[in-house]
Number of protein chains: 2
Amino acid sequence: MQMTAPAEAVTGPRVPLTRQRVLQAAVRIADKTGIESLTMRRLGEEVGAEAMSLYYHVAKKDDVLDGIADVVAEEINEAAERVESTGDWKTVTRGRILAARAVMLRHPWAPAVFETRTTTSPAVLRYYDRLVGLLREGGFSNDLIHRALHALGSRALGFTQELFDPEAGAGEDSDAAALVENLPSLASMMAEIAHDDPTSTLGWCDAQAEFEFALDLLLDGLDRVRTSN
Amino acid sequence: MQMTAPAEAVTGPRVPLTRQRVLQAAVRIADKTGIESLTMRRLGEEVGAEAMSLYYHVAKKDDVLDGIADVVAEEINEAAERVESTGDWKTVTRGRILAARAVMLRHPWAPAVFETRTTTSPAVLRYYDRLVGLLREGGFSNDLIHRALHALGSRALGFTQELFDPEAGAGEDSDAAALVENLPSLASMMAEIAHDDPTSTLGWCDAQAEFEFALDLLLDGLDRVRTSN
DNA sequence: ACCTGAACACCGTTCAAGT
DNA sequence: ACCTGAACACCGTTCAAGT
């Protein structure tokens, strides 16, 4: 029932599968059609093999998910190493985090996968190790570094969980009158914000600007605590 | 194959199912045995009916998940309404967020469910509406409120995504020597932190203290921006 | 050493049929 | 109006068997 040739068949004669090739194929699938479309059968198809063959190279599906999280984290480390590392801790840290965010934006499924991992990927550990080193050089105590890691949380890796999409509350299906009545504060806030910033590319709020605002709030706050001790 | 009587059978003769009772049963299962054990068949068992009967009261499993997210959000709203509402915006907001966190700690599966919802629960919208109102009364511009919501993110509802559990990197399986070599900064930070705070109930870091530290960092930062405009 | 076919247990979900 | 039995499509995973 394979309608199209497997994505790798064109590259030549059958080359044996490896864990790396399986993981790269998994990333390709998640990028193209979303993480929910990543099944072992679909993955087998992508590499031109039966699903059962995958178990020779990975332990189980969770192993695939651990693997693609690590692949993304590696990509983040590479991007972070490319940012200018001279300057004060805040500039460098800020640059590295925004580089991480750029990678995350290319893999929108990655946050969800990171969140479900029970063990931390080695590449993520290396990313945090470097972050700790930067803060240390910047004059942070180990205690404050520890608090900083918690305060930044996933933001250190370039993403945040948006629990609440204001637009969802104001969808076309919910009439404006009911909104004003049930959620008056939200309604008045949105009424004022909605028409601001026509240059925003992301609808009524510019996620990039919001991310940077929150990041600076935290970095400035940490700097203040650092110098006050 | 039902080994034990359904949890509700003891309460008397068969009472017709309702959406509310289904959702409460689902919360009970998630609390007791984890969200991954919540299947439609298991849920049917819990309410003393066949899995197929559930579809008369809920549209599909996603509807159940939407529903239990809303149940938890209602619980948060009730807890938040119980906190003292007199005082400056920061005190009240802080109190409400910590009340939300207390609810979340009773439902450890809730963050994961919130994160996978595509539409925002009505109760969550009401929670945020109240938060917006508090900030407005506290003298925030709508623009700054909007930024504050993004900056707080899920923290406004009492939880944060911990991507990185430092203990995971120092598990018993990884020997200390390798850790020091591969992750030197992390290793030295942990060496110093690990012996601090013997009163901490949560292992080597006290999640509650870290949560409050980060929360105050944000609230103080927002207050500073508010007054500087 | 690497891959596959057949099979199993377990999902969510549909639908005609029961009371 | 409410519930159920049988069935379907689709998972992850195992394992004996192929080359």
Side-chain angles (χ1 to χ4, degrees), chain A residues 1-3 5-9 11-26 29-30 33-69 109 112-113 116-118, chain B residues 1-3 5-9 11-27 29-30 33-69 109 112-113 116-119:
Chain A
M1 276 299 272
Q2 205 168 262
M3 310 291 282
E8 300 197 346
T11 60
R14 168 79 62 123
V15 42
L17 239 40
T18 63
R19 181 182 158 86
Q20 262 314 299
R21 287 206 15 252
V22 169
L23 296 181
Q24 281 158 7
I29 292 171
T33 51
I35 193 68
E36 74 286 347
S37 71
L38 178 61
T39 67
M40 295 303 275
R41 284 166 171 85
R42 173 76 185 79
L43 184 50
E45 205 179 293
E46 181 78 13
V47 297
E50 297 302 315
M52 304 79 196
S53 311
L54 301 172
Y55 288 89
Y56 196 84
H57 301 96
V58 298
K60 41 204 233 123
K61 190 180 181 183
D62 250 326
D63 190 21
V64 174
L65 296 177
D66 286 342
I68 62 177
W109 47 269
V113 173
T116 56
R117 295 311 83 208
T118 54
Chain B
M1 277 298 272
Q2 207 169 261
M3 311 291 283
E8 299 196 348
T11 61
R14 167 80 62 128
V15 43
L17 239 42
T18 64
R19 182 183 158 84
Q20 262 315 301
R21 288 206 17 251
V22 170
L23 296 181
Q24 281 158 8
V27 168
I29 293 172
T33 51
I35 193 68
E36 74 286 349
S37 71
L38 177 61
T39 67
M40 296 303 275
R41 284 166 173 86
R42 172 77 184 79
L43 184 50
E45 205 180 294
E46 181 77 12
V47 297
E50 296 302 315
M52 304 78 198
S53 312
L54 301 172
Y55 288 89
Y56 196 84
H57 301 96
V58 299
K60 42 203 229 80
K61 188 178 182 183
D62 251 324
D63 190 22
V64 174
L65 296 177
D66 287 341
I68 61 177
W109 46 269
V113 172
T116 56
R117 296 309 85 207
T118 54
T119 77

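We name chains A, B, ... by the order of the sequence lines, and we start the count at 1 in each one. Being a predicted model, the structure only gives us computed values, none of them experimental.
Using a 4.5 Å heavy-atom cutoff, the side chains of A/Glu36 and A/Trp109 are not in contact.
A close approach under 4.0 Å does not occur between any side-chain nitrogen or oxygen of B/Ser53 and OP1 or OP2 of D/dC2.
A/Glu46 and A/Ile29 make their closest contact through CB-CD1, 3.7 Å (heavy atoms, listed as atom of the first residue, atom of the second, distance). Nearest approach of A/Val47 to A/Ala25, heavy atoms of both residues: CG1-CB, 3.5 Å. Closest of all the heavy-atom pairs between A/Val22 and A/Leu43 is O-CD1, 3.7 Å. B/Ile68 approaches B/Ala26 most closely through the heavy-atom pair CG2-CB, 3.6 Å.
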Query raised in the report: What string of B, S and - do you get for nucleotides 5-19 of chain C, 5' to 3', if B is base contact, S is sugar-phosphate-only contact and - is no contact with any protein heavy atom under 4.0 Å?
Result: BB----BBBB-----

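The salt bridge (charged side-chain N to carboxylate O under 4.0 Å, His left out) pairs that include a residue from residues 52-62 of chain A are A/Asp62-A/Arg117, where partners are two or more places apart or lie in different chains.
Across all strands shown, C/dA9 has no partner, as no Watson-Crick or G-U wobble contact with both distances under 3.5 Å is found. Base pairing annotation: C/dT4 forms a Watson-Crick or G-U wobble pair with D/dA16, both donor-acceptor distances under 3.5 Å.
Distance OH (A/Tyr56) to P (C/dC3): 8 Å, rounded to an integer number of Å.
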